[in-house]
> 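Dropping the structure in here first, questions after.
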Amino acid sequence: MTTPLRDGPLLLGVRHHGPGSARAVRAALDAASPRVVLIEGPPEGDALVSLAADPQMRPPVALLAHAVDDPGRAAFWPLAEFSPEWVAIRWALTHDAPVRFIDLPATHSLAFKDDGEDGDGDGNEAGPDSAPGPGDRERALRIDPLAVLAEAAGYDDAERWWEDVVEHRGGTDGDDPFAPFAAVGEAMGALREEYGDGGHRRDLVREAYMRLQLRAARKEFGDDQVAVVCGAWHVPALGAVSTATADRALLKGLPKVKSEMTWVPWTHHRLARHSGYGAGIDSPGWYGHLFGAPDRPVTRWMTKVAGLLREEDQPVSSAHVIEAVRLAETLATMRGRPLAGLTETTDAIRAVMCDGSDVPLALIRDRLIVGDVLGEVPDSAPAVPLQRDLTRLQRSLRLKPEALEREVDLDLRKETDAGRSRLLHRLRLLAIGWGEPAAGRGSTGTFRESWRLRWEPELYVRVAEAGVWGTTVLSAATAKAESQAVSATALSEVTALAEQCLLAELTDALPVVMKALADRAALDADVGHLAQALPALARSLRYGDVRSTDTAALGEVAAGLAERICVGLPPACAALDADGAAEMRAHLDGVHTAIGLLPATPDRPAGDLSGRWAAVLRKLAARDTVPGVIRGRATRLLLDDGRLPEDEAARLMGLALSPGAPPADAAAWIEGFVGGASGGGMLLVHDERLLALVDTWLTGVPAASFTDVLPLLRRTFSAYEPGVRRTLGELVRRGPAGGGARPDRVEAGIPGFGAAVDETRADAVLPVLRLLLGDPDPEPNHDHRIDHDDDLAGVAR
């Protein structure tokens with residue numbers, strides 16, 4: 001039955017993102033058939049509203065407005081499928097009725113977006129809500145209308161009250177479609193009489209603009225042919241008696257910025273998040289289900305939950321679904337609710353399907369109650385050039401943005417994966433955090449990368465901000481890298497930037513970065529800074545083979561840094577305190593690894609540089625003025641590289657742990673030699689001479705000094721694997737074997753060790769190692785084959 005419009009325009013006060021309000025709006029519009037529909041939203045969106053009819057448009061979506069000169073100043077107006085505004089837009093487009101947005105233009109709202117007032121008066125986001133004027137006292141007096149009404153009805157939860165009075169009460173054919181809006185309008189009128197603007201000072205300005213637009217529409221289409229869909233809080237203000245002159249006076253002198261607007265995809269996770277531009281809803285997935293379920297919403301919800309749990313290999317049967325529905329309905333009856341709500345269904349799911357555990361409920365909340373839906377917008381929607389280029393790359397590389405976090409493994413030897421890697425690294429340089437590097441689950445080689453991807457709507461703002469650097473991802477990343485290279489003040493910043501450029505294959509930016517790197521390196525005399533910068537350069541050089549990047553200039557700079565470190569490191573390590581020694585030890589490890597990665601150059605053969613570094617380590621290991629942790633670490637690095645005989649290592653340990661050495665310095669030496677993740681525990685397991693030296697020293701530490709060295713020793717040995725600690729304890733309890741000689745040199749059998757190296761068994765693994773290392777057929781160069789086999793045999797033994 002159609003009820004004609006009476007007494008002026010139809011004011012439909014709604015709760016944003018409320019499925020009950022959305023159904024009521026659709027019923028009221030069907031009954032009234034207005035000639036024009038006015039919607040609370042920025043008028044700049046009028047030119048984009050027709051895109052809502054495009055088949056490619058799929059909510060949730062949002063209108064995005066940003067300042068042209070400052071893209072970071074942006075605001076969103078999100079719309080879900082169950083949003084009353086979206087329902088009104090779709091109704092109007094279907095019935096060929098004009099749609100006009102009547103809220104304060106974004107050109108004004110963006111101009112004073114940072115004044116601290118956020119959120120619609122009705123407690124739900126409809127756009128950016130900040131206005132000039134309210135002080136701290138006024139902000140403290142803001143009210144939540146739904147919370148006030150819920151408290152008056154005896155509820156302590158506004159969400160539950162709204163569900164009971166709106167969401168769970170479906171209308172019948174005989175109901176008046178306008179009655180719910182009349183009741184809500186009356187309630188809001190009483191609240192406005194009691195609380196005035198409720199602390200939402202900017203609402204007075206917004207409502208003045210809305211009244212002006214409403215007057216214009218009434219004059220154009222007639223009083224009884226206009227429908228307005230707005231937040232319920234604004235209904236009394238739109239129906240109030242006011243003059244156009246008074247309304248224009250409120251709008252006089254508003255600040256302005258030049259703005260642009262477009263549609264962007266939105267997510268259910270973002271709808272559920274409370275943020276600086278408004279209040280979200282707690283359960284968009286549940287609301288979407290209520291809006292879309294044609295009947296029996298509780299039964300259909302339980303079926304969805306059962307399907308999700310079955311996908312996760314949880315034993316959920318049809319009997320579980322039936323029992324959960326019964327329990328939810330029983331709880332609703334006991335609690336006096338018209339229909340089982342989210343609280344009742346969740347309690348029933350926990351008891352029946354989850355065996356009382358909250359762990360599966362976390363999955364249900366994330367995947368169903370909130371949901372992982374990501375909307376879509378048509379290709380014809382306006383976008384900055386950088387966004388269009390990014391969209392093109394995402395499609396060509398088959399790397400679709402998704403709201404749900406996922407991990408991808410990339411093989412850089414494949415063209416598509418290499419392109420994906422370049423794109424993600426370029427976006428990271430532009431501060432567009434779509435992907436974050438993750439620990440790989442497979443090979444740790446340089447040809448493989450792992451990324452953790454998740455697309456958030458805010459990234460569209462980041463893309464708009466990055467648009468100042470260029471119109472394509474490549475040109476923007478190149479321009480920003482060059483700018484950062486020129487403005488960088490620290491050497492480590494430039495080396496990190498050089499690494500990013502190589503990962504992103506920004507070949508045009510590399511000359512500028514290399515020049516800045518050479519200039520900073522020449523001026524920086526701090527050995528710590530040089531040591532901190534070298535590992536990043538060495539890592540960058542590793543990508544030359546896989547990414548086919550020319551790194552010759554980078555290699556020259558890295559080799560020069562390494563030489564300066566070799567000269568300046570020994571004096572820099574003298575007379576350091578404990579914190580300085582620990583920091584320098586970390587630099588020592590980084591430089592040692594980096595020098596091993598540096599390639600040879602025509603002027604600097606690789607052997608010369610590694611030989612100079614070995615000489616530096618020998619100086620550090622032998623100087624008494626160097627802290628014990630650094631001397632011990634230098635000794636260990638020489639031993640691992642085969643540049644220090646085992647007898648000499650034992651001699652240095654004996655000197656460091658001699659009775660004349662201070663206990664704290666001796667403990668630091670032990671930490672440097674066998675501490676950390678360097679495999680020191682296994683070294684002590686397999687060389688009982690060293691273990692015996694440590695044991696003898698420890699038992700001889702004076703009681704007065706033991707409590708000082710204990711924390712350091714505990715930190716050293718607690719880093720070992722449990723099996724290593726257990727084996728060390730057994731060896732110490734058993735006592736030295738064979739006079740302290742190495743177990744593999746003891747003729748008497750010791751469990752777990754042979755009498756000597758088994759050459760036959762060691763040679764048997766050579767074919768497997770050759771296969772793993774990708775060794776080509778060595779026959780064309782017999783000498784190379786001999787050298788390579790010798791290296792493999794060393795690895796095997």
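No experiment lies behind these values; they were computed from the predicted model shown.
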> Ignoring hydrogens and angles, state whether a donor on the side chain of Q387 or T391 is under 3.5 Å from an acceptor on the partner side chain.
yes
> Between R58 and E81, is a salt bridge (Lys or Arg N to Asp or Glu O under 4.0 Å) present by the stated rule, with each step listed?
CA-CA 8 Å; R58 183 172 66 88; E81 185 180 11; over 6 Å; no
> Testing H16, H17, R90 for side-chain hydrogen bond (donor to acceptor under 3.5 Å, both in side chains) with E85, which one passes?
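With E85 as partner, side-chain hydrogen bond (donor to acceptor under 3.5 Å, both in side chains) holds for just one option, H16.
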> Residues two or more places apart in sequence or in another chain: which of them pass side-chain hydrogen bond (donor to acceptor under 3.5 Å, both in side chains) with E220?
R100
> Is the distance between the ring centroids of Y460 and W263 less than 6.0 Å?
no
> Under the side chain to side chain contact (heavy atoms under 4.5 Å, CB included) rule, collect the residues that match up with R350, sequence neighbours excluded.
T346, D347, D358, L361
> List for me each residue that meets side-chain hydrogen bond (donor to acceptor under 3.5 Å, both in side chains) alongside K256, sequence neighbours excluded, and say none if there are none.
none
> Applying side-chain hydrogen bond (donor to acceptor under 3.5 Å, both in side chains), can you list everything that pairs with S242, at least two apart in sequence or on another chain?
D247
> Under the salt bridge (Lys or Arg N to Asp or Glu O under 4.0 Å) rule, what do D69 and K258 come out as? Steps first, then yes or no, please.
CA-CA 7 Å; D69 297 331; K258 186 178 180 181; over 6 Å; no
> Keeping S259 on the side-chain end and A106 on the backbone end, is there a donor-acceptor pair under 3.5 Å?
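No; zero donor-acceptor contacts below 3.5 Å.
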> For the pair R73 (side chain) and L110 (backbone), establish whether a donor and an acceptor sit closer than 3.5 Å, ignoring hydrogens and angles.
yes
> Do any N or O atoms from the side chain of D46 and from the backbone of F101 form a donor-acceptor pair under 3.5 angstrom?
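Looks like yes, one N/O pair under 3.5 Å.
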> Determine, for R337 against E344, whether the closest basic-nitrogen to carboxylate-oxygen distance falls under 4.0 angstrom.
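Salt bridge between R337 and E344, a charged N being under 4.0 Å from a carboxylate O: yes.
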> Only counting residues at least two apart or in another chain, list the ones meeting side chain to side chain contact (heavy atoms under 4.5 Å, CB included) with A293.
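With neighbours one apart ignored, the set is H289, P297, R300.
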> Describe, in one word, how the ring planes of W286 and W301 are oriented to each other, choosing from parallel (under 30°), tilted (30 to 60°) and perpendicular (over 60°).
perpendicular
> Going by side-chain hydrogen bond (donor to acceptor under 3.5 Å, both in side chains), name the residues that satisfy it together with E402, two or more places apart in sequence or in a different chain.
R406
> Report yes or no: is the cationic atom of R26 (NZ for Lys, CZ for Arg) under 6.0 Å from the centre of the six-membered ring of W91, at an angle within 45° of the ring normal?
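R26 over W91 ring: no.
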